[in-house]
Every structure is written in C-alpha cells, then in structure tokens.
Amino acid sequence: MGDKRYRELKDYKAAGTNAGKVSIVGAGPGDPELITVKALRRLEEADLLLYDRLVNRKLLDYAKPEAVKIYCGKAPGRHTLPQEQIQALMVQHALSGKHVVRLKGGDPLVFGRGGEEALAMAKAGISYEIIPGITSALGAAASGAIPLTHRGISASCAFVTGSRCGSGQRQVRWDLLAGAVDTLVIYMGVGELAALCGEMLRSGKAPDTPAAIIERGTTAKQRILTGRLDQLDKLAVSMQAENPALIVIGEVVRVRSELLELEARMMEQTSSA
Ligand code: SAH
C-alpha cells in the first residue's frame with residue numbers, strides 16, 4: 001500500500017486538489033453519554049464513518065444523514081474487514097477529499113490498534129488526528145465503584161491483555177506483574193480466565209485476592225461478578241460471563257463491597273425511618 005499510495009497523494013496534491021483528513025476517535029466505553037465533546041463534533045462533521053463492534057450504535061445518529069457508515073467490527077476470532085483493508089479504505093477516502101472518522105470503542109490507543117492506523121496514515125502522507133476516549137477500564141471502574149488506586153491499598157495499576165492469540169503479540173509477564181502491580185485490569189481475558197488466574201496464582205498472588213468481572217460496563221446491561229482469584233474461573237462459567245468484559249484483580253475490589261454495604265445500610269435506615 002505505502003509507496004504507491006504516497007505517490008498517488010503527491011500527484012493528487014500536485015493537481016491542486018484538497019486532500020481530506022482522518023480523525024481516529026475514541027467513542028467511550030459503551031454509555032453513549034461518555035463521549036467527549038470533541039469526538040462528537042468530529043462525528044457530526046464526518047463524510048465517512050468507519051465504526052467498530054463496541055461502539056454504541058446510538059452515536060451513529062449524530063452523523064450527517066448523507067454520511068456513509070461502514071461497519072468494521074471484529075468479533076473475537078472473526079474479522080469482518082481485515083485491518084489492512086480498513087486502513088486502505090481510510091487512505092482511499094481521505095485522498096478523495098473526504099473527512100474520514102474512524103470511530104473505535106473506548107480509547108483508540110488502548111488495545112485499539114489506533115497506533116497502527118496512525119502509522120498507516122503518516123506513511124501515506126495523510127493528515128490525521130487522534131481524539132482520546134474513556135477507555136473501558138476507566139468507565140467500568142467508575143460504574144462498578146471499584147477505584148483503580150486507593151490510598152493504603154493500591155498505589156499502582158496496569159492495563160494488560162488476556163488475549164494470547166495473534167502472531168506478533170508480545171507476551172504479558174504475569175510473573176513480574178503479580179508482584180509489582182497492585183491493581184490489574186485485564187482486557188480480552190474472559191475466554192482465557194482459567195489460564196490467566198492460574199498464571200497469577202503460580203506467580204505468587206494470594207488465592208483470596210479479591211477480583212471482579214465487569215460485563216458490558218457503563219451500559220444498561222452491565223453485570224458485575226465478584227469473587228476470590230482462585231475461584232474466579234468457576235464463577236465465570238457458572239454465571240456465563242460473556243464479552244465484552246474486563247477482569248479487575250486486586251484489593252481495591254473490597255472497596256466496592258464496602259460501598260455496597262454502606263448503601264444497603266442507608267436504604268435500610270431510610271425505609272425503617
Ligand atoms: N479500545 C478499547 C478496548 C478494545 S479491546 C478501550 O479502550 O476500551 C476489547 C476489550 O475491551 C473487550 O474484550 C473487553 O475486555 C474490553 N471492553 C470494551 N468495552 C467494554 C465494556 N463496555 N465493558 C467491559 N469491557 C469492555
């Protein structure tokens with residue numbers, strides 16, 4: 001793609017035509033209200049909208065009626081449009097003068113391949129920008145009342161992938177993470193939960209470390225399961241945990257239980273008053 005398209009772009013510029021531009025935009029974690037003002041403006045301006053599976057469809061209503069919308073979603077293990085083809089579409093339409101908005105779930109630069117897309121645009125000489133979004137870890141932590149850091153409990157937090165598929169994927173150093181980081185948030189991990197929990201336990205995490213699975217965080221269908229690290233995989237199976245879901249491992253999960261208890265006590269008091 002690179003060299004040929006770059007030549008095309010130079011010819012295009014020489015012809016005096018205005019090239020379009022590409023906005024790589026984070027749509028937020030699921031709740032359509034959790035998108036930034038800037039991202040929403042780009043949605044309204046887009047001529048072509050390339051959107052992912054985890055983008056809330058209600059956001060598409062903000063596009064102009066004449067905007068072309070193309071679904072580029074990838075279900076785990078199943079790719080509708082290969083990444084190279086998505087990037088080629090972005091280049092092709094930007095070259096024809098369009099404002100292309102590449103709308104991605106959460107934040108484009110957190111397990112979102114936004115970096116690859118930016119590189120592809122840069123190589124093709126296309127003007128692009130990256131607009132951040134609330135990544136699902138932050139959205140789900142807030143709606144699940146699980147602080148990611150908490151004074152006296154957690155001074156560090158890491159976002160890691162639980163997915164081991166895909167060639168060229170760097171391996172997560174579970175052995176080092178288990179001892180070094182207080183709160184772990186695992187993306188794309190529910191399918192591999194038994195193996196992941198095994199890694200953590202073998203690396204020295206205490207079996208009774210509290211953990212949570214947050215399914216469809218920030219949406220009306222949000223579900224949160226909590227349990228001990230050594231029982232999390234069984235819990236996930238019995239409760240049929242499904243994607244999209246995040247796994248949070250760390251003492252911070254106890255803060256959620258404390259908040260829920262306080263809330264329940266308050267409800268009791270108000271109902272008996
Ligand atoms: N760029 C995205 C992540 C894409 S990877 C972001 O910043 O959030 C896809 C993974 O994100 C899913 O497998 C799941 O682990 C997580 N995810 C995305 N949306 C989610 C949601 N609403 N609730 C829980 N997990 C979610």
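One-based numbering, in listed order, for ligands and for the atoms of each.
Without hydrogens or angle criteria, S156 side chain to D182 main chain gives a donor-acceptor distance under 3.5 Å.
Between D52 and R102, at least one side-chain N (NZ, or NE/NH1/NH2) sits under 4.0 Å from a carboxylate O, which counts as a salt bridge. Residues E116 and R113 are paired through a salt bridge, judged by an N-O separation under 4.0 Å between the basic side chain and the carboxylate.
Annotation: side chain to side chain donor-acceptor pair (under 3.5 Å) contacts involving residues 256-273, sequence neighbours excluded, are absent.
With sequence neighbours left out, the side-chain hydrogen bond (donor to acceptor under 3.5 Å, both in side chains) criterion links E251 to R254.
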Please list every donor-acceptor pair under 3.5 Å in which a side-chain atom of residues 209-228 meets a protein atom from a residue at least two apart or in another chain.
residue : atom : partner : partner atom : Å
T209    : OG1  : A206    : N            : 3.4
T209    : OG1  : A206    : O            : 2.6
E215    : OE1  : R223    : NE           : 3.1
E215    : OE2  : R223    : NH2          : 2.9
E215    : OE2  : E242    : N            : 2.7
R216    : NH2  : E242    : OE1          : 3.3
T218    : OG1  : D31     : N            : 3.0
T219    : OG1  : R216    : O            : 2.7
T219    : OG1  : K221    : N            : 3.1
Q222    : OE1  : S143    : OG           : 2.6
Q222    : OE1  : T218    : N            : 2.7
Q222    : NE2  : S143    : O            : 3.3
R223    : NH1  : M239    : O            : 2.9
R223    : NH2  : M239    : O            : 2.7
R223    : NH2  : Q240    : O            : 3.3
R228    : NE   : D230    : OD1          : 2.9
R228    : NH2  : D230    : OD2          : 2.9

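The residues lining ligand 1, counting any heavy atom closer than 4.0 Å, are P29, L54, G105, G106, D107, V110, F111, T135, S136, Y187, M188, I214, R216, G217, N243, P244, A245, L246.
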